[in-house]
Number of protein chains: 2
Amino acid sequence: MSDVWKKFEDNGLTHSSVHHLMAIDQLLKTNGYARGIDVAKHLDISRSSVSVTLHKLQSKGYIVEDENKFYHLTEEGRELTHDVLSTRRIVKKFFLEVLDLPENIAEEDACKVEHLLHLKTSARLFKFISFVNADETFNREFRKRFKSYKHTCSDDCDVCDDDCFYEKS
Amino acid sequence: MSDVWKKFEDNGLTHSSVHHLMAIDQLLKTNGYARGIDVAKHLDISRSSVSVTLHKLQSKGYIVEDENKFYHLTEEGRELTHDVLSTRRIVKKFFLEVLDLPENIAEEDACKVEHLLHLKTSARLFKFISFVNADETFNREFRKRFKSYKHTCSDDCDVCDDDCFYEKS
DNA sequence: AACAAAAGTAATATATGGCTAACAAAAGTA
DNA sequence: TACTTTTGTTAGCCATATATTACTTTTGTT
């Protein structure tokens, strides 16, 4: 009854919009400019879809289109892409380096989650990774121990079958 | 160009549908039955929305409606709710107990993510939490050390400002 | 049986997000 | 200049999700 579940939609921008924004960010960094067609190619969707979405992003203040149809991020847009990219990288790093998950799973799950988590969550996660990965005897030992603990059953065993989690929690 | 971002929509069921399913699961456990109206009250949305969504869930094979309009989970539905609930609990536990995040953030973020993560991710996370929380000297020491490490700067400092993460990663 | 309350559903509306096709404008080229 | 290519925009379509209002059906009571 607590309605926490309804907050899923609360994220200002959708997953898709965020990726339009990040496409611009990346294009600016790699090519120095970003037009509609560039975003369309980058995301592999039609020019028309991009046109519509980018105009929405502009009306919401995340980007501006100059007189030559080149797009630029506003301060707000820059902040948002920075936050989302940070979160993605941190989460992926955690999945890969701490949980030792395979690349494709780490990549997909991080991407799904990147725009949903609170900043505080990713900040704390970053701190946690830094600690776990610290180059000190104790932390090295921790990583070593988890690695062997992780292998106490096979990589594909499904630890969550048979309600084991419910019993333990 | 890798199109990982497009997988966001790939989850068979939406966040909202999954919550309809979980509402039925919970109502069955607490009341012993679940009708449309019960789901509507539980989720605090209109009967009509529920009606549409539940018929979709039925056509997808997650639930069945009996001759008296009572809903029941199919095996597939049971599996899905079990998986999602597991993931939510595991993720929340991680946020709360390992990252030491506040209750509301842990709750919200876990809820947003519960239906998106691979099962393998939550299974591995479960294993990780179990290891971290193990009642042994070494693990206790780990928790203690992270706790003080975490406080090397204030709880509200934004570790990800100023591109610090990009530099370090 | 008659009526009222409860529950379900259809029609309708809004929003997202994609597509194609048609067209417009700009830039490049013969 | 005239033709072609590139790019952008609009309109129309489709599908999904989610909600509301208004209507129908079912159920229960008198």
Side-chain angles (χ1 to χ4, degrees), chain A residues 3-24 27-28 31-60 62-72 111-112 115-116, chain B residues 1 3-24 27 31-72 80 111-112 115-116:
Chain A
D3 289 3
V4 169
W5 72 280
K6 290 186 182 169
K7 301 208 174 186
F8 188 72
E9 323 291 342
D10 273 6
N11 298 293
L13 291 187
T14 62
H15 180 76
S16 167
S17 296
V18 167
H19 276 272
H20 281 69
L21 210 55
M22 295 201 300
I24 293 176
L27 288 163
L28 288 174
N31 298 350
Y33 63 89
R35 297 161 307 167
I37 181 77
D38 305 309
V39 174
K41 282 181 182 159
H42 191 265
L43 296 179
D44 193 29
I45 58 179
S46 71
R47 278 174 310 172
S48 53
S49 294
V50 167
S51 174
V52 173
T53 304
L54 293 192
H55 286 153
K56 273 183 214 159
L57 283 173
Q58 177 159 31
S59 80
K60 290 183 181 176
Y62 292 103
I63 57 178
V64 286
E65 190 184 15
D66 68 22
E67 64 282 2
N68 297 313
K69 306 274 181 190
F70 288 83
Y71 286 98
H72 308 273
C111 178
K112 285 176 178 172
H115 69 303
L116 294 173
Chain B
M1 198 68 81
D3 288 3
V4 170
W5 71 279
K6 291 183 182 171
K7 301 206 174 187
F8 188 71
E9 325 290 344
D10 272 7
N11 298 294
L13 292 187
T14 62
H15 179 75
S16 167
S17 296
V18 168
H19 276 274
H20 281 68
L21 210 55
M22 295 200 301
I24 292 176
L27 288 164
N31 299 348
Y33 63 89
R35 297 162 304 168
I37 182 76
D38 304 309
V39 174
K41 281 180 184 160
H42 190 264
L43 297 178
D44 193 28
I45 58 181
S46 70
R47 291 189 316 259
S48 49
S49 293
V50 168
S51 173
V52 173
T53 304
L54 293 192
H55 286 155
K56 274 184 213 157
L57 284 173
Q58 177 159 30
S59 79
K60 291 183 181 176
Y62 293 102
I63 57 178
V64 287
E65 189 182 15
D66 68 21
E67 62 283 1
N68 296 313
K69 307 274 182 188
F70 288 82
Y71 287 97
H72 308 272
L80 188 68
C111 178
K112 284 176 178 173
H115 68 304
L116 295 172

- Which base sits across from dT29(D) as a Watson-Crick or G-U pair, both distances under 3.5 Å? dA2(C)
- Item | Integer-rounded Å distance: dT25(D) P and N68(B) CG | 19 Å
- Item | H72(A)/Y62(A) aromatic ring centres below 6.0 Å | no
- Query: Is the distance from OP1 or OP2 of dA25(C) to the nearest side-chain N or O of K69(A) less than 4.0 Å?
  - Reply: no
- Message: Nearest to the side chain of I37(B), heavy atoms from C-beta on, is which of dA17(D), dG8(C), dT9(D)?
- Response: dG8(C)
- Query: Does R47(B) reach the side chain of K41(B), with side-chain heavy atoms less than 4.5 Å apart?
  - Reply: no
- Sub-4.5 Å side-chain heavy-atom contact between V50(A) and I37(A): no
- Can you tell me the distance, in whole Å, between the CG atom of L43(B) and the C1' atom of dA17(D)? 15 Å
- To the nearest Å, give me how far apart NZ (K7(A)) and P (dT18(D)) are. 18 Å
- Message: Distance check needed: dA26(C) C1' versus F70(A) CZ, whole Å only.
- Response: 12 Å
- Item | Base paired to dG17(C) (Watson-Crick or G-U; both N/O distances under 3.5 angstrom) | dC14(D)
Polar pairs (N or O, both sides) under 3.5 Å between protein and nucleotides 17-21 of chain C?
from, atom 1, to, atom 2, distance (Å)
dG17(C), OP1, T14(A), OG1, 2.3
dG18(C), OP1, S16(A), OG, 2.8
dC19(C), OP2, S46(A), N, 2.9
dC19(C), OP2, S46(A), OG, 2.8
dC19(C), OP2, S49(A), OG, 2.8
dT20(C), O4, S48(A), OG, 2.7

- Specify the separation, in whole Å, of atom CD of E67(A) and atom C1' of dA27(C). 17 Å
- Item | For atom CZ of R35(A) and atom C1' of dT9(D), their distance in whole Å | 16 Å
- Note on the structure: Taking a pair to mean Watson-Crick or G-U wobble geometry with both distances below 3.5 Å, dA2(D) pairs with dT29(C)
- Item | H20(B)/Y71(B) aromatic ring centres below 6.0 Å | no
- Message: I'd like to know whether H115(A) forms a side-chain contact (heavy atoms from CB on, under 4.5 Å) with T14(A), so could you lay out the CA-CA distance, the side-chain angles of the two residues, the decisive distance to 0.1 Å, and finally the verdict.
- Response: CA-CA 8 Å; H115(A) 69 303; T14(A) 62; 6.0 Å; no
- Is any NZ, NE, NH1 or NH2 atom of the basic residue among R35(A) and D38(A) found under 4.0 Å from an Asp or Glu carboxylate oxygen of the other? yes
- Query: Can you check the L57(B) CG to dA17(D) P distance for me, whole Å?
  - Reply: 10 Å
- Which class fits the ring pair Y33(A) and F70(A): parallel under 30°, tilted 30 to 60°, perpendicular over 60°? perpendicular
